[in-house]
Peer 1: 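One structure follows; several queries about it will come next.
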Amino acid sequence: MASAIRYVTDVDLGLTVVADVFINGSFVAAEQATVSVFERGFLLGDGVYEVIPVYAGRCFELAGHLNRLENSLAGVKMTNPYRDDEWEQLIDTLIQRNGGGDQALYMQVSRGAAPRDHVFPEGVSTSVFVMTNPLKPVSEIVKEHGIQAITLVDTRWQRCDIKAISLLPNSLLKQEAKEAGAEEALLIRDGFMTEGSASNSYAVFDGVVYTAPKDNTILPGITRDVLLSLAREAGIIVVEEAVAESKLSEADELWVSSSTREILPITQLNGQAVGSGEVGPVWQKVDALYQQMKKRAAQ
Ligand code: PDD
């Protein structure tokens with residue numbers, strides 16, 4: 001007899017998830033979803049993706065994510081398979097099928113199945129895969145004490161603005177951070193901090209927030225957009241300039257942001273205290289505004 005437990009995604013949370021996924025036009029049980037072994041996403045990492053937080057059954061900043069998806073698709077010369085309203089309906093259906101509430105929605109568009117060749121195939125339709133995972137709340141311990149990070153050389157390519165599924169460099173960097181006892185790696189390119197391995201990054205000096213500008217060296221984070229506008233509305237000065245690696249040890253505060261981990265304060269960098277070694281006041285202010293916005297969006 002088929003088990004009701006289809007897959008368990010988060011052992012820490014003790015969550016057992018019974019989930020459907022969307023694959024190439026159909027909603028099916030996760031364990032019944034299949035793709036071709038010739039799928040270019042599988043063979044070549046040829047595809048793009050989005051991760052969207054869902055609060056109380058509603059996507060947070062959906063328009064921003066769909067807009068970035070469009071840009072990523074254009075960046076890899078793929079046509080968007082759906083209009084925004086079609087995406088919205090598809091996503092909404094999956095969220096409801098998987099019980100609503102708080103979820104992390106993952107959507108992927110890859111170039112499709114074709115005989116392996118570096119050159120793009122012609123006349124092949126893209127593959128679309130959407131799943132939801134439990135959205136693990138940021139722990140109170142992390143919010144009270146912050147996280148540890150290390151700096152690493154940014155070994156990624158020159159198109160970090162594309163949210164590509166080929167994440168091996170990011171994965172290697174994050175793993176190196178983990179093996180060093182840290183939660184995130186802050187990446188250094190040509191002497192300047194670009195972003196984290198799976199996050200955007202920020203440094204605060206004398207109350208002013210610095211973050212790398214949107215160019216090809218960072219992913220234009222949706223949480224970054226929200227954070228910067230909330231900070232500016234609150235009268236905090238934000239400067240979109242990359243911070244030199246040599247200045248990082250003098251920062252009063254360091255943060256990272258992402259859709260699934262929100263805004264996290266870094267209280268130790270390379271084993272040294274950041275500022276006072278405690279969670280900083282500018283982070284506290286911005287995080288409080290972010291939490292309020294999340295609450296409003298869930299209503
Ligand atoms: N990653 N930079 C990188 C390299 C990232 O992988 C991410 C997020 C971000 C933050 O973007 P956003 O605020 O839009 O989530 C920045 C997601 C969460 C992931 O790969 O799972």
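Atoms within a ligand are numbered from 1 in the order they appear, just like the ligands themselves. The chain is numbered in sequence order, starting from 1.
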Peer 1: May I ask you to decide if the ring planes of Tyr202 and Trp255 are parallel, tilted or perpendicular, using 30° and 60° as cut-offs?
Peer 2: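 Answer is tilted, since the angle falls between 30° and 60°.
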Peer 1: Quick one, Arg111 and Val76 - any side-chain contact, counting heavy atoms below 4.5 Å?
Peer 2: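 Heavy-atom side-chain distance check passes, below 4.5 Å.
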Peer 1: As a test of reading the model: which residues have a non-hydrogen atom less than 4.0 Å away from ligand 1?
Peer 2: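 Lining ligand 1: Tyr49, Val51, Arg68, Arg156, Lys163, Asn170, Glu195, Gly196, Ser197, Ala198, Ser199, Asn200, Leu219, Gly221, Ile222, Thr223, Ser257, Ser258, Ser259, Thr260.
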Peer 1: Would you find a donor on one side and an acceptor on the other, under 3.5 Å apart, between the side chain of Glu86 and the backbone of Arg83?
Peer 2: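 Yes, Glu86 side chain to Arg83 backbone: donor-acceptor pair under 3.5 Å.
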Peer 1: Would Tyr49 and Tyr106 count as a close aromatic pair, with their ring centres under 6.0 Å?
Peer 2: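 Here the rings of Tyr106 and Tyr49 have centres that are less than 6.0 Å from each other.
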Peer 1: Treat each ILVMFWY residue as a node, draw an edge where side-chain heavy atoms are under 4.5 Å apart, and state whether Leu227 and Met293 are in one component.
Peer 2: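 The answer is yes; both residues are in one hydrophobic cluster.
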Peer 1: Under the ring-ring contact (aromatic ring centres under 6.0 Å, His included) test, which residues partner Phe38, sequence neighbours left out?
Peer 2: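 For Phe38 there are no ring-ring contact (aromatic ring centres under 6.0 Å, His included) partners, ignoring immediate neighbours.
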